[in-house]
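Numbers for residues simply follow the sequence, beginning at 1. Whatever order the structure lists ligands and atoms in, that order sets their numbers, starting from 1. Quick note: numbers below take in every heavy atom, side chains included, and nothing from hydrogens, waters or symmetry partners.
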Amino acid sequence: MRGQNYSLWSLLKHGFKNHQTWEPAWERVALKPSYDVVIVGGGGHGLATAYYLAKNHPQVGRIAVLEKGYLGGGNTARNTTIVRSNYLWDESAAIYEHSLKLWEGLTEDLNFNVMFSQRGVFNLGHTLQDMRDIERRVNANALQGIDAHVLNAREVKEKIPQLDCSRSRRYPVLGASWQPRAGIAHHDAVARGFARAASRLGVDLIEGCEVTGMDISGGKIRGLQTNLGMVKTDRVGCVAAGHSSVLAKMAGLRMPLESHPLQAFVSESMQRVIDTVIMSNAVHGYLSQSDKGELVIGAGIDSYLGYGQRGSPHVIEHTAAAIIELFPQFSRVRMNRQWGGIVDVTPDACPIISKTAVQGLFFNCGWGTGGFKATPGSGHVFADMLAQGEPNALARSFTVDRFHTGHLIDEHGAAGVAH
Ligand SMILES: Cc1cc2nc3c(=O)[nH]c(=O)nc-3n(C[C@H](O)[C@H](O)[C@H](O)COP(=O)(O)OP(=O)(O)OC[C@H]3O[C@@H](n4cnc5c(N)ncnc54)[C@H](O)[C@@H]3O)c2cc1C
């Protein structure tokens, strides 16, 4: 909707013309034979990378994003949109907090409403060990300057009256961690906002363009083969989430990644009953309520590896049981639809933001079940890496070398079911 204003009059005017007169949000352009930088993957992370690269490093030259499907149609379209930064270790807390700060100004920065709603996130504790872990993480967050609180069961009940906190439950709620600045955003708005802003800065966004091979010689990337023809370039950033190992294989590389299905589902729409985000690692489920009134529900990955964007029925059953354990009244709510995405999981549940053994070829992947929240931060630091050839201070700990040196950043506790 380039250059349009959003007055009621303009909405009516375009409505009378059957909405045929809106200008497209981003330009549809043909693939050129060469670029200075090519980003493979037009999800939130790829689009954010392109935007920050064009905005902060215009000297890099001509930039293209190649997307095999439609922009934002991968995990970006399929996730449950939880945004938070309360991770345990300093390295990951810093990168997610950097992202959260960008979220807080993103609507203004992109001039596009990404519908970021800071409604808070609760991580429930059901055992004494859960509560010890919660206290440890909240204390770490306090040292990192991240807003986080430990609540007891009474305080949780006051903030979430619908939650069954009775001691007679199979997994009674003993307390929770609470990050008030956390929340949710609108996945499509995020992809479209970044796409529009990148396009306005001159980035070529090419949909329906699948990278099928890489031209590498003398240890350097020279170009990409695609279903739309060859593209010459000496700098490539791969941001392909669940398909990152497929791209790595084209370059003769092996990434420490496993691709798993991850599912979510939504209920029928109903009046507002939940105004925050609630997760439970122990009971194994989480939910929020969308602006449309649907309960948005998810849990952990399907254990097998694969590229089918579906998932198995028993995981849905297990997740529904977990939600009913927490909210027995939701047993009467009908479920509307279910879907799956493919997430790229690393051994330490942390991302890989790295150059590779091939000069000019970079990867940003391994965000697993929790990368949506990182979209602006990930794009921001990866843009720096593509421009400078080296990781910036926030990305330095996330290079692929850590799997050789043993400097892993184990975030399984803060990841888990908690996206
Ligand atoms: C059900 C579910 C729930 C989730 N919930 C949350 C959550 O609540 N909070 C959170 O923070 N994270 C969540 N996540 C994780 C989050 O969705 C991802 O980490 C994040 O969206 C990754 O973004 P991306 O842009 O890297 O990936 P994607 O959006 O998947 O983009 C990658 C793109 O690369 C393209 N591509 C792949 N191969 C090629 C090729 N050869 N050529 C060209 N293009 C290619 C794909 O088509 C795709 O569009 C969830 C994921 C799922 C599946």
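The heavy atom nearest to atom 30 (O) of ligand 1, considering only Ile301, Asn75, Leu47, is found in Asn75. For the residues Thr80, Val83, Leu262, Leu71, the heavy atom positioned nearest atom 8 (O) of ligand 1 is part of Thr80. The option from Gly371, Ala299, Gly366 that lies nearest to atom 19 (O) of ligand 1, judged by heavy atoms, is Gly371. Across the listed options Gln309, Lys68, Met279, Arg84, Lys68 owns the non-hydrogen atom lying nearest to atom 43 (C) of ligand 1. For atom 27 (O) of ligand 1, the nearest non-hydrogen atom from the set Gly43, Ala241, Gly341 belongs to Ala241. The nearest non-hydrogen atom to atom 14 (N) of ligand 1, considering only Thr81, Val246, Thr369, comes from Thr369.
Within ligand 1, the atoms closer than 4.0 Å to a non-hydrogen atom of His243 are 37 (C), 38 (N), numbered from 1 in the order shown. For ligand 1 and Glu210, the ligand atoms under 4.0 Å from any heavy atom of the residue are 41 (N), 42 (N). The Ala264 neighbourhood of ligand 1 comprises atoms 1 (C), with distances under 4.0 Å to a heavy atom of that residue. Residue contact check: Gly368 has heavy atoms under 4.0 Å from atoms 15 (C), 19 (O) of ligand 1. Proximity to Val40 (heavy-atom distance under 4.0 Å) selects the following atoms of ligand 1: 42 (N), 43 (C). Within the listing of ligand 1, atoms 1 (C) sit less than 4.0 angstrom from a heavy atom of Gln263.
Residue Cys209 places a heavy atom under 4.0 Å from ligand 1. Remark: distances from the non-hydrogen atoms of Ala191 to ligand 1 are all 4.0 Å or more. A heavy-atom separation below 4.0 Å is found between Gly44 and ligand 1.
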| Between Gln359 and Asp234, does a side-chain contact (heavy atoms from CB on, under 4.5 Å) hold up when you go through it step by step? | CA-CA 8 Å; Gln359 199 182 324; Asp234 58 12; over 6 Å; no
| message | Applying side-chain contact (heavy atoms from CB on, under 4.5 Å) to Ile278 and Ser288, what does each step give before you reach the verdict? | response | CA-CA 7 Å; Ile278 302 139; Ser288 65; over 6 Å; no
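At a cut-off of 3.5 Å, with distance as the only test, no side-chain donor of Gln329 or Gln162 sits close to an acceptor on the other residue. Thr49 and Asn364 share no side-chain donor-acceptor pair at under 3.5 Å. Between the side chains of Asp384 and His57, a donor-acceptor pair is found at a separation under 3.5 Å. Side-chain N/O atoms of Gln179 and Asp147 include a donor and acceptor closer than 3.5 Å. At a cut-off of 3.5 Å, with distance as the only test, a side-chain donor of Tyr51 or Asp109 sits close to an acceptor on the other residue. At a cut-off of 3.5 Å, with distance as the only test, a side-chain donor of Asp133 or Gln129 sits close to an acceptor on the other residue.
Between Lys159 and Glu155 no salt bridge is recorded (no basic side-chain N to carboxylate O distance below 4.0 Å).
For ligand 1, the polar-atom distance check against Leu247 finds no nitrogen or oxygen pair separated by under 3.5 Å. For ligand 1, none of its N or O atoms has an N or O atom of Met250 under 3.5 Å away. Of the N or O atoms in Glu67, one or more lie within a sub-3.5 Å distance of an N or O in ligand 1. Considering backbone and side-chain atoms together, Val211 places an N or O closer than 3.5 Å to an N or O of ligand 1.
Aromatic ring pairs are classed by plane angle as parallel below 30°, tilted from 30° to 60° and perpendicular above 60°; the pair Tyr52 and His380 is perpendicular.
Considering CZ of Arg235 and CG of Asp36, their distance stands at 7.5 Å, rounded to 0.5 Å.
Evaluated for a side-chain contact (heavy atoms from CB on, under 4.5 Å) with Val114, the options Thr375, Leu106, Asp188 yield exactly one hit, Leu106. When each of Tyr96, Trp103, Phe116 is paired with Phe372, the ring pair (Phe, Tyr, Trp, His ring centres under 6.0 Å) condition holds for Trp103 and for no other.
Proximity of Leu66 to ligand 1, defined as any heavy-atom pair under 4.0 Å, is confined to the backbone N, CA, C and O atoms. Under 4.0 Å from ligand 1, heavy atoms of His45 appear from its side chain as well as its backbone.
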